[in-house]
Amino acid sequence: MNNPLTRPEPEASETVPFTFRNGRECQVTIDAWYDMLMRGKRDIPMHNHPFTLLCVTVRDKNGKKVFARPLWLIVVGQRRGEITLTDAYEAYRHRYDLEHFFRFGKNRLLMASYQTPEIEHEENWWEIAGLAYVNLYTAAFLANRIPYPWERWLPDFKEPDSATLPSPSMVQRDIP
């Protein structure tokens, strides 16, 4: 599938416009192959789990590829046919927000520090950490941005303006 000359024609294709945060406009082409199977291993019988294979290619206004290689995604599950190609791609794009939350939560809010054999207690701890994150988000409007002493001398340091909200870690610094 990696070689475009040898892969079969896609069963579905969708092209959607996309604008990056910097204003750069491009076209996202999503090709799909349905009910694909792949070899598994002894413990993972992938041949029993059909999936939808997606190939995502991003091109600028001139038709030049934005990224050197395409993005390959799979959609697995009983209801995979109900998910549109655009929805699958958008869900993948939004995973970065979740990953940043979990990294911040584990490093700064001690989400992974509480260990107990009781699932209910651990779920309560995760809810408390989530509430702490919500508090940091709502306190962002009140927080002063306090840089560390060495940050003022960094080449890309800018005095914060009041139009942008501080990050959760900046709010956490100012909480005391």
Participant: Are Tyr92 and Val66 joined in one hydrophobic group, where the rule is that I, L, V, M, F, W and Y side chains link up if heavy atoms are under 4.5 Å apart?
Facilitator: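 Result: yes, single cluster for both.
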Participant: Please round to the nearest 0.5 Å and tell me the distance separating atom CG of Leu54 and atom OG1 of Thr29.
Facilitator: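 Atom-to-atom, Leu54:CG and Thr29:OG1 are 12.5 Å apart.
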Participant: Who passes salt bridge (Lys or Arg N to Asp or Glu O under 4.0 Å) against Arg69, sequence neighbours left out?
Facilitator: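 Result, salt bridge (Lys or Arg N to Asp or Glu O under 4.0 Å) vs Arg69: none returned.
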Participant: Could I get the full list of ring-ring contact (aromatic ring centres under 6.0 Å, His included) partners for Phe102, not counting sequence neighbours?
Facilitator: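 By the ring-ring contact (aromatic ring centres under 6.0 Å, His included) rule, Phe102 matches Trp126.
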Participant: Let me check something: any side-chain donor-acceptor pairs from residues 10-22 under 3.5 Å, sequence neighbours excluded? List them with distances.
Facilitator:
{"unit_1": "Glu11", "atom_1": "OE1", "unit_2": "Tyr34", "atom_2": "N", "d": "3.4"}
{"unit_1": "Ser13", "atom_1": "OG", "unit_2": "Asp31", "atom_2": "OD1", "d": "2.7"}
{"unit_1": "Glu14", "atom_1": "OE2", "unit_2": "Thr86", "atom_2": "OG1", "d": "2.1"}
{"unit_1": "Asn22", "atom_1": "OD1", "unit_2": "Arg24", "atom_2": "N", "d": "3.0"}

Participant: Going only through I, L, V, M, F, W and Y residues with side-chain contacts under 4.5 Å, is there a path from Val28 to Ile83?
Facilitator: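 Yes; Ile83 is reachable from Val28 via cluster members.
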Participant: Taking C-beta and beyond as the side chain, do Trp33 and Thr52 meet within less than 4.5 Å on heavy atoms?
Facilitator: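 No, their side chains stay 4.5 Å or more apart.
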Participant: Verify the neighbour count for atom CZ of Arg7: are there more than 12 heavy atoms of other residues, nucleotides or ligands below 6.0 Å?
Facilitator: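 Atom CZ in Arg7 is crowded, with more than 12 foreign heavy atoms closer than 6.0 Å.
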Participant: Tell me if the CZ atom of Arg95 is crowded by more than 12 foreign heavy atoms within 6.0 Å.
Facilitator: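 Check passes, neighbour count above 12.
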Participant: Can you confirm whether Asp174 sits close enough to Leu142 that some side-chain heavy atom of one is under 4.5 Å from a side-chain heavy atom of the other?
Facilitator: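 Sidechains of Leu142 and Asp174: no contact.
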Participant: Distance from Thr116 atom OG1 to Asn124 atom CG, nearest 0.5 Å?
Facilitator: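 Separation between the atoms: 10.0 Å.
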Participant: In this structure, are over 12 heavy atoms from other groups packed under 6.0 Å from Ile175 atom CD1?
Facilitator: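 Yes, because the 6.0 Å sphere around CD1 of Ile175 holds more than 12 heavy atoms from other groups.
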Participant: Quick check: do Tyr114 and Ile128 have side-chain heavy atoms less than 4.5 Å from each other?
Facilitator: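 Result no, sub-4.5 Å side-chain heavy-atom pair not found.
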Participant: Distance check, rounded to the nearest 0.5 Å: Met46 atom CE versus Lys41 atom NZ?
Facilitator: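 With rounding to 0.5 Å, CE (Met46) is 11.5 Å from NZ (Lys41).
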Participant: When you compare the side chain of Val171 with that of Ser169, does any pair of heavy atoms fall below 4.5 Å?
Facilitator: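 No; the side chains remain at least 4.5 Å from each other.
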Participant: State, yes or no, whether a side-chain contact exists between Arg59 and Phe67 at a heavy-atom distance under 4.5 Å.
Facilitator: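 No, every pair of side-chain atoms sits at 4.5 Å or beyond.
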Participant: So do the side chains of Val58 and Lys65 get within less than 4.5 Å of each other, counting heavy atoms only?
Facilitator: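 SC-SC contact between Val58 and Lys65 ruled out.
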Participant: Test of understanding: with ring-ring contact (aromatic ring centres under 6.0 Å, His included), list the residues that count as partners of Tyr89, not counting sequence neighbours.
Facilitator: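 So Tyr89 forms no ring-ring contact (aromatic ring centres under 6.0 Å, His included) with any residue.
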Participant: Could I get the full list of side-chain hydrogen bond (donor to acceptor under 3.5 Å, both in side chains) partners for Asp35, not counting sequence neighbours?
Facilitator: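 Result, side-chain hydrogen bond (donor to acceptor under 3.5 Å, both in side chains) vs Asp35: Arg80.
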Participant: From Glu122 CD over to Glu127 CD, what is the distance, rounded to the nearest 0.5 angstrom?
Facilitator: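 With rounding to 0.5 Å, CD (Glu122) is 12.0 Å from CD (Glu127).
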Participant: Do Val75 and Leu98 belong together in a cluster built from hydrophobic side chains that touch within less than 4.5 Å?
Facilitator: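 No: no chain of side-chain contacts under 4.5 Å links Val75 to Leu98.
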Participant: Is there side-chain contact between Gln172 and Tyr133, with at least one heavy-atom pair below 4.5 Å?
Facilitator: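 No, every pair of side-chain atoms sits at 4.5 Å or beyond.
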Participant: Is there a donor-acceptor pair closer than 3.5 Å between any side-chain N or O of Asn62 and the backbone N or O of Lys64?
Facilitator: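 No; zero donor-acceptor contacts below 3.5 Å.
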Participant: Looking at every non-hydrogen atom in both residues, tell me the closest pair between Leu37 and His47 and how far apart they are.
Facilitator: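 Shortest heavy-atom separation between Leu37 and His47 comes out as CD2-O, 3.5 Å.
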Participant: Pro70 and Thr57: which non-hydrogen atoms are nearest, and at how many Å?
Facilitator: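 Heavy atoms only, the tightest pair is CB-OG1, 4.0 Å.
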Participant: Hydrophobic clusters here meaning ILVMFWY residues chained together by side-chain heavy-atom distances under 4.5 Å, can you tell me if Tyr96 and Phe104 are in one?
Facilitator: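 No.
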Participant: Using a 6.0 Å cut-off, check whether atom CD of Glu99 has over 12 heavy atoms from anything other than its own residue.
Facilitator: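 Atom CD in Glu99 is packed in, count exceeds 12.
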Participant: Mind listing the closest non-hydrogen atom pair of Ala143 and Pro166 along with its distance?
Facilitator: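 Nearest pair, atom of Ala143 first, then Pro166: CB-CG, 4.4 Å.
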Participant: Of all residues at least two apart in sequence or in a different chain, which pass the side chain to side chain contact (heavy atoms under 4.5 Å, CB included) check with Ile74?
Facilitator: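 Result, side chain to side chain contact (heavy atoms under 4.5 Å, CB included) vs Ile74: Phe51, Leu53, Val76.
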Participant: Answer yes if Met36 and Leu71 sit in the same cluster of Ile, Leu, Val, Met, Phe, Trp and Tyr residues linked by side chain heavy atoms under 4.5 Å apart, and no otherwise.
Facilitator: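 No, Met36 does not connect to Leu71 through the hydrophobic network.
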Participant: Determine whether more than 12 heavy atoms belonging to other residues, nucleotides or ligands lie under 6.0 Å from atom NZ of Lys106.
Facilitator: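 12 or below, so no.
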Participant: Does any non-hydrogen side-chain atom of Pro168 lie less than 4.5 Å from one of Tyr137?
Facilitator: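 Not touching, per the 4.5 Å side-chain cut-off.
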Participant: Nearest 0.5 Å, please: how far is CZ in Arg42 from CD1 in Ile44?
Facilitator: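 CZ of Arg42 is found 12.0 Å from CD1 of Ile44.
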